[in-house]
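Here's the structure we're looking at; comments come further down.
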There are 2 protein chains.
Amino acid sequence: MKEGPDISHIAALIGDPARANILTALMDGRALTASELAEEAGVGLSTASGHLSKLAEAELIAPRKSGRHKYFNLADAEVAGVLESLMGLAARRGTTRVRTGPRDAQMQVARVCYNHLAGQLGVQMYSKLLAQGVLMEDGEDVALTASGRDFMTAFGIDLDALEKGRTRLCRSCLDWSERRTHLAGSLGRAMLTCMEQKGWMSRETGSRAIHVTKAGQVAFADMFGVD
Amino acid sequence: MKEGPDISHIAALIGDPARANILTALMDGRALTASELAEEAGVGLSTASGHLSKLAEAELIAPRKSGRHKYFNLADAEVAGVLESLMGLAARRGTTRVRTGPRDAQMQVARVCYNHLAGQLGVQMYSKLLAQGVLMEDGEDVALTASGRDFMTAFGIDLDALEKGRTRLCRSCLDWSERRTHLAGSLGRAMLTCMEQKGWMSRETGSRAIHVTKAGQVAFADMFGVD
DNA sequence: GGAATGCTTCGGTTACGATCGAACTATGAA
DNA sequence: TTCATAGTTCGATCGTAACCGAAGCATTCC
């Protein structure tokens with residue numbers, strides 16, 4: 001029949017939607033854990049685990065153990081290149097991904113990313129905080145301004161306590177759905193906790209989706225809404 | 001979950017063994033009929049027909065009717081590029097398809113790639129042309145030098161005629177088996193034709209393998225051999 | 001130590017799609 | 001016209017693999 005390497009095996013690996021999601025999620029170079037990738041892929045943890053071992057066996061991704069977590073990266077630049085070129089093909093063909101899932105619409109609005117707020121509300125809050133001078137961007141970094149400290153204290157956050165922790169106070173995090181940054185770091189986490197305590201939002205168990213209460217919608221729009 | 005182009009659909013198309021066989025068979029740029037492709041893929045005609053329409057719908061291949069035959073080509077160079085890079089991945093991973101056919105060894109030495117010479121002889125010739133100053137690389141591009149024009153004319157190639165055509169004179173093409181570049185473009189094509197006319201080589205029908213005559217081996221080594 | 005978290009393995013279900021043969025259409029040859 | 005070749009469509013069969021939940025390890029936290 002034909003010579004040449006066996007394309008189909010590798011292509012079939014990329015060809016499963018869940019695995020394609022996993023690979024795409026790894027495209028930005030970050031290392032993600034199995035659980036995070038399961039979320040990204042939209043499948044259960046056990047399913048994702050199976051996918052991950054297949055991908056690792058084919059050396060498309062590289063696992064790395066760290067404590068009780070297992071982090072995954074794309075294996076090398078060549079793999080990233082192949083994915084990139086596949087994306088190019090797919091994009092040109094106009095087959096943009098249609099993502100059907102019941103939780104998806106809600107997730108687009110508000111969801112948990114690690115421990116902080118992501119989704120439309122996340123980026124909205126972030127840009128508002130920038131506009132109000134609470135945060136200040138400096139290249140890839142983001143920092144709290146002097147007046148920002150007052151704002152956060154008034155919001156109900158104990159900055160001193162946060163700064164004792166070893167995680168950075170402010171970090172920016174790229175949002176996959178919005179393609180814009182939102183606030184991460186211990187401050188981002190504290191703000192989400194704070195909004196939960198205020199009764200603005202509540203996390204749904206077993207999902208990354210965040211439910212926003214009626215009162216929360218009003219208060220959030222009042223404080224972070226666009227003018 | 002994430003936005004972005006839908007990789008998985010296209011990858012899944014390539015991921016089926018029968019379809020992968022079809023695509024690989026088309027890699028050399030020849031147009032093949034549905035029956036021929038069914039044969040290559042090792043499936044029945046009806047099955048192949050289904051595969052072909054899926055591939056065509058995704059614009060990975062381009063159908064062309066001619067009489068009661070239907071010819072298929074790869075849609076464009078981008079598709080070929082994706083397949084090449086997938087082959088590269090698969091080759092590095094060591095998942096070479098075990099195809100111990102008699103022609104395989106020969107293919108490694110010399111074969112047709114879209115109309116020009118590929119395989120060991122292809123890359124050997126290319127690097128020699130570079131070393132002799134006939135060709136000059138400029139980033140990803142490759143061009144014919146002034147002295148190179150004399151060389152080609154002496155070789156028996158009508159450069160003026162080639163330059164009237166709309167395909168680029170010189171292009172470099174990555175070889176999956178050698179993982180090095182060889183000469184493509186209308187010049188690459190003309191050189192192969194020329195060497196056939198000189199009686200150095202002859203294409204075997206129904207295969208990409210190129211047979212090198214005794215006289216051709218001597219002449220080729222004399223002109224393009226390593227010192 | 002126990003509790004909690006992160007991941008893997010196993011068993012059983014389910015669904016999708018690859019496959020074939022047969023019937024059907026279209027084009028060309030005799 | 002009739003026959004032959006090339007391809008498509010249809011219906012039915014059959015395997016494979018994706019999926020989940022539950023149970024099992026492993027690691028860290030308290």
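Proteins come first, then strands; the chains are lettered A, B, ... in the order of their sequence lines, and each starts at number 1. Since this is a predicted model, take the numbers as computed values, not measurements. What you see below is based on every heavy atom in this structure, not just the backbone, and it leaves out hydrogens, waters and symmetry mates.
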Measure from the side-chain heavy atoms of Arg68(A) and tell me the nearest of dT8(C), dC19(D), dC29(D). dC29(D)
Are any of Lys70(B)'s side-chain N or O atoms less than 4.0 Å away from OP1 or OP2 of dA26(C)? no
CD1 (Ile7(B)) and CG (Asn21(A)) are apart, to the nearest 0.5 Å, by 9.5 Å
Can you tell me the distance, in whole Å, between the CD1 atom of Ile22(B) and the P atom of dG7(D)? 12 Å
Residue pair Leu45(B)/Thr47(A) against DNA chain D: nearer the 5' end by closest nucleotide is Leu45(B)
So do His182(B) and His116(B) actually touch side chain to side chain, heavy atoms under 4.5 Å? yes
May I ask you to say what Ala18(A) touches in the nucleic acid, namely base, sugar-phosphate or nothing, with a heavy-atom cut-off under 4.0 Å? sugar-phosphate
Hey, is the side chain of Lys54(B) poking within less than 4.0 Å of OP1 or OP2 on dA18(C), counting only N and O atoms? yes
Please state whether the base of dG21(C) and the side chain of Ser46(B) form at least one donor-acceptor pair under 3.5 Å? yes
Among Leu13(A), Asp16(A), Val79(A), which one satisfies side chain to side chain contact (heavy atoms under 4.5 Å, CB included) with Leu55(A)? Leu13(A)
Separation of dC7(C) P from His51(A) NE2 (nearest whole Å): 16 Å
Between dT8(C) (P) and His69(A) (NE2): distance, integer Å: 13 Å
Spacing between Leu55(A) atom CG and dT8(C) atom P, to the nearest angstrom: 12 Å
Spacing of Arg64(A) atom CZ relative to dG6(C) atom P, expressed in whole Å: 17 Å
Mind calculating the distance between CG (Leu32(A)) and P (dC7(C)) to the nearest angstrom? 11 Å
Taking the six-membered ring of Phe220(A) as reference, does the cationic atom of Lys128(A) (NZ for Lys, CZ for Arg) lie under 6.0 Å from its centre and within 45° of its axis? no
Asp16(A) has an atom CG; how far is it from atom P of dA15(C), in whole Å? 17 Å
Going by heavy atoms in the side chains, are Thr193(B) and Gln197(B) under 4.5 Å from each other? yes
In whole angstroms, the gap separating C1' of dA6(D) from CG of Leu52(B) amounts to 13 Å
Categorize Thr33(A) for me: base, sugar-phosphate, or nothing, with a 4.0 angstrom heavy-atom threshold over every strand shown. sugar-phosphate
